[in-house]
Amino acid sequence: MRWGMVAAALLGALAVHAGQSRAEDAYPSRPIHLIIPSTAGGTTDIVGRALGQALSQPMGATFIVEQRVGGSTNIGMTYVAKAAPDGYTLLVVTDTLTSNVSTFRDPGYDPVTSFAPVSILARAPGALAVRRDLGVASVDAFIDLARRKGRDLTVASTGTGTVSHLTGIMFQQRMGLPAWTDVPYAGSAKAVTDLIGGHVDAIFSMVVPLVPHVESGSLRLVAVTTSRRSPAVPDVPTVAERTGAADFDVANWTALLAPAGTPAPVIAKLAAAVQDAMRDPELLKRFSLLGVEAAGDGPDVLAGEIRRTVAQWREVVRKSGMKVN
């Protein structure tokens, strides 16, 4: 009787495994939902929609983009973290995934354990820009000014606790600068307008909203925050080049993730499809117009980047003594 029970259990397990394998082989067999935790019309939303269109035909599936906004993107990220790990609910998100865990006591998810990384979709370099009449034309000059002015120097960010804000704090820490006056905005549009108007002295922001104003002569870029120069502004040096801070690297990536526990074959199929999509001329054109660089780096690269930036922002926040929400 015992052998009969063991055999029945083994047959049951094999049947379940066979059923799972068939489901994974058939993936996708119904629409896939791409959750965007930020507002419609922004860079993340546009990247997500472009990705859905590029993947639709080769994967034979409909991709439905859903905005789940709120809580500084935590609402959408928590929604995906708690979704069924079947590959039909995916997250398109920026590196706020890794900064929020340091600025919120309980964001509702763990960036390392709550998700299965699929791919980095795009990178958008950050930059340090100053108002045209500040009299600063280089990183060295900005550092000298920051030392002299201290709190009298006003630096805009796209919101307290955002990657823009934390990049500025990290710059202060690495360069040994006194604290300046941070001026938080709800996004980059008003911040850039006020910088042009001379209401603030500088900003740490993604390059994308800055380039038109640099080209018109309204603003001056003094450095990009990535470890290598940006094709969008190839003449602008990196922070690392000019300061010797070799590990200074803020890339502002956008990535695709699934809930933790999503089967490995499903992740592999998605990652391969994304990599193929990154060779699509139409997708590359749309990304270029946004000022972002197509990536397509797979699960291992994304997992490493998540771990690196989580540790980076935790250390920045710890040293700053910033109040955590």
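Values in this document were obtained by computation on a predicted structure and should not be read as measured data.
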Undergrad: Taking all atoms of both residues into account, what is the closest heavy-atom pair of M206 and A124, and its distance?
TA: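 M206 and A124 have their closest heavy atoms at CE-CB, 3.4 Å.
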
Undergrad: Return yes when atom CZ of R308 has more than 12 non-hydrogen atoms of other residues, nucleotides or ligands closer than 6.0 Å, and no otherwise.
TA: yes

Undergrad: Between I143 and L177, is the side-chain contact (heavy atoms from CB on, under 4.5 Å) condition met? List the steps.
TA: CA-CA 7 Å; I143 291 171; L177 298 175; 3.7 Å; yes

Undergrad: Does any non-hydrogen side-chain atom of L97 lie less than 4.5 Å from one of Y109?
TA: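 SC-SC contact between Y109 and L97 confirmed.
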
Undergrad: Okay, side chain of D280, backbone of A277: is any donor-acceptor separation there less than 3.5 Å?
TA: no

Undergrad: Salt bridge check, E293 against R229: does any charged N sit closer than 4.0 Å to a carboxylate O?
TA: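 Between E293 and R229 there is no salt bridge, as every charged N stays at least 4.0 Å from the carboxylate O atoms.
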
Undergrad: So which heavy atom on A61 is nearest to which on R30, and how close?
TA: CB-O, 4.4 Å

Undergrad: Dump the intermediate steps for side-chain contact (heavy atoms from CB on, under 4.5 Å) on F204 and I169, then the final yes or no.
TA: CA-CA 10 Å; F204 284 89; I169 294 175; over 6 Å; no

Undergrad: For the residue pair M59 and L270, what are the closest heavy atoms and their distance?
TA: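 Result for this residue pair: CE-CD2, 3.9 Å.
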
Undergrad: Pair E282, K285 - check salt bridge (charged side-chain N to carboxylate O under 4.0 Å, His left out), show working.
TA: CA-CA 5 Å; E282 185 59 33; K285 180 181 178 181; 5.3 Å; no

Undergrad: For a 4.5 angstrom cut-off between non-hydrogen side-chain atoms, does V233 reach V214?
TA: no

Undergrad: List the atom of F287, the atom of L121, and the distance in Å for their closest heavy-atom pair.
TA: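 Between these two residues, the closest heavy atoms are CE2-O, 3.7 Å.
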
Undergrad: Mark yes or no for whether H165, through its side chain, and G161, through its backbone, hold a donor-acceptor pair below 3.5 Å.
TA: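 Indeed, once roles are kept as given, a pair shorter than 3.5 Å links the two residues.
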
Undergrad: Evaluate the side-chain proximity of V239 to M175: yes if any heavy-atom separation is below 4.5 Å, no if none is.
TA: yes

Undergrad: Just wondering, do I196 and L219 contact through their side chains at under 4.5 Å, heavy atoms?
TA: yes

Undergrad: Check D201 with R131, please: is the shortest side-chain N to carboxylate O separation under 4.0 Å?
TA: yes

Undergrad: For S29 and A26, indicate whether the former's side chain and the latter's backbone hold a donor-acceptor pair under 3.5 Å.
TA: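 No: the side chain of S29 does not pair with the backbone of A26.
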
Undergrad: Roughly how far, to the nearest 0.5 Å, is OG of S38 from CD of Q67?
TA: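 The OG atom of S38 is 7.0 Å from CD of Q67, to the nearest 0.5 Å.
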
Undergrad: Is any side-chain heavy atom of V222 less than 4.5 Å from a side-chain heavy atom of V136?
TA: yes

Undergrad: Verify the cluster assignment for I36 and V47: are they in a single hydrophobic cluster under the rule of side-chain heavy atoms below 4.5 Å apart?
TA: yes

Undergrad: Determine, for R174 against D247, whether the closest basic-nitrogen to carboxylate-oxygen distance falls under 4.0 angstrom.
TA: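 Salt bridge flag = yes for D247 with R174.
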
Undergrad: Using the side-chain contact (heavy atoms from CB on, under 4.5 Å) criterion, which residues pair with A303? Sequence neighbours excluded.
TA: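 With neighbours one apart ignored, the set is P117, R307.
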
Undergrad: State, with a plain yes or no, whether a side-chain heavy atom of L210 is found less than 4.5 Å away from one of S205.
TA: yes

Undergrad: Would F63 end up clustered with L256 when hydrophobic side chains under 4.5 Å apart are linked, directly or stepwise?
TA: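 F63 and L256: one cluster.
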
Undergrad: Evaluate side-chain contact (heavy atoms from CB on, under 4.5 Å) for T225 paired with D249, printing each intermediate quantity in order.
TA: CA-CA 6 Å; T225 62; D249 184 16; over 6 Å; no

Undergrad: Are D144 and R148 ion-paired here, with the side-chain N under 4.0 Å from a carboxylate O?
TA: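 Salt bridge: no.
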
Undergrad: Do E241 side-chain atoms and T238 backbone N/O form a donor-acceptor pair below 3.5 Å?
TA: yes

Undergrad: Check whether the side chains of Y27 and D86 place a donor and an acceptor atom closer than 3.5 Å, and report yes or no.
TA: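 Judged by distance alone, the side chains do not pair up.
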
Undergrad: What salt bridge (charged side-chain N to carboxylate O under 4.0 Å, His left out) pairs are there with at least one residue in residues 65-83, not counting sequence neighbours?
TA: E66-R68

Undergrad: What about V65 and V92, same hydrophobic cluster or not, with Ile/Leu/Val/Met/Phe/Trp/Tyr joined at side-chain heavy-atom distances under 4.5 Å?
TA: yes

Undergrad: Should V301 and V274 be regarded as members of a common hydrophobic cluster, given that ILVMFWY residues are connected when their side-chain heavy atoms come within less than 4.5 Å of each other, either directly or indirectly?
TA: no

Undergrad: Under 3.5 Å, is there a donor-acceptor pair between the side chain of T158 and the main chain of G187?
TA: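 Checked: no pair found.
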
Undergrad: Any side-chain heavy-atom pair from L257 and V80 closer than 4.5 angstrom?
TA: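 Of all side-chain heavy-atom pairs linking V80 with L257, none is under 4.5 Å.
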
Undergrad: Measure the spacing between CG of L166 and OG of S99 and express it to the nearest 0.5 Å.
TA: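 OG of S99 is found 6.0 Å from CG of L166.
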
Undergrad: State whether D297 and R123 are salt-bridged, where the test is any N-O pair (Lys NZ or Arg NE/NH1/NH2 against Asp/Glu carboxylate O) under 4.0 Å.
TA: yes

Undergrad: Which atom names give the shortest non-hydrogen contact between I32 and G87, and what distance separates them?
TA: CG2-O, 3.8 Å

Undergrad: Hey, does the side chain of S102 reach the backbone of R314 with a donor-acceptor pair shorter than 3.5 angstrom?
TA: yes

Undergrad: Hey, could you give me the OG1/CZ distance between T243 and F142, rounded to the nearest 0.5 Å?
TA: 12.5 Å

Undergrad: Using modelled atom types and a 3.5 Å cut-off, is there a donor and acceptor pairing between side-chain atoms of T254 and backbone atoms of T94?
TA: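 Not a single qualifying donor-acceptor pair exists.
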
Undergrad: Side-chain contact, heavy-atom cut-off 4.5 Å: L91 with P37?
TA: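 They are in side-chain contact.
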
Undergrad: Determine whether W180 and D152 satisfy the following criterion, side-chain contact (heavy atoms from CB on, under 4.5 Å), listing intermediate values before the conclusion.
TA: CA-CA 7 Å; W180 50 58; D152 290 335; over 6 Å; no

Undergrad: Are a donor atom and an acceptor atom from the side chains of T98 and T309 found within less than 3.5 Å of each other?
TA: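 The answer is yes; a qualifying pair exists.
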
Undergrad: Under a 4.5 Å side-chain heavy-atom rule over Ile, Leu, Val, Met, Phe, Trp and Tyr, are M278 and W253 clustered together?
TA: no

Undergrad: Mind checking the OH-CD1 spacing from Y185 to I203? Nearest 0.5 Å is all I need.
TA: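 With rounding to 0.5 Å, OH (Y185) is 8.0 Å from CD1 (I203).
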
Undergrad: Report yes or no: does S288 contribute a side-chain atom to a donor-acceptor pair with the main-chain N or O of L284 at less than 3.5 Å?
TA: no

Undergrad: As an exercise, state the distance from CD1 of I306 to CG of D95, rounded to the nearest 0.5 Å.
TA: 10.0 Å

Undergrad: Looking only at the side chains, is there a donor atom on one of T262 and Y88 sitting less than 3.5 Å from an acceptor on the other?
TA: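 Side chains of T262 and Y88: no pair found under 3.5 Å.
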
Undergrad: If you compare all heavy atoms of V310 against all heavy atoms of P111, which two are closest, and at what distance to 0.1 Å?
TA: CG2-CG, 3.6 Å

Undergrad: Please report the interatomic distance OG1(T43) to CG(N252), rounded to the nearest 0.5 Å.
TA: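 Rounded to the nearest 0.5 Å, the OG1-CG separation comes out at 10.0 Å.
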
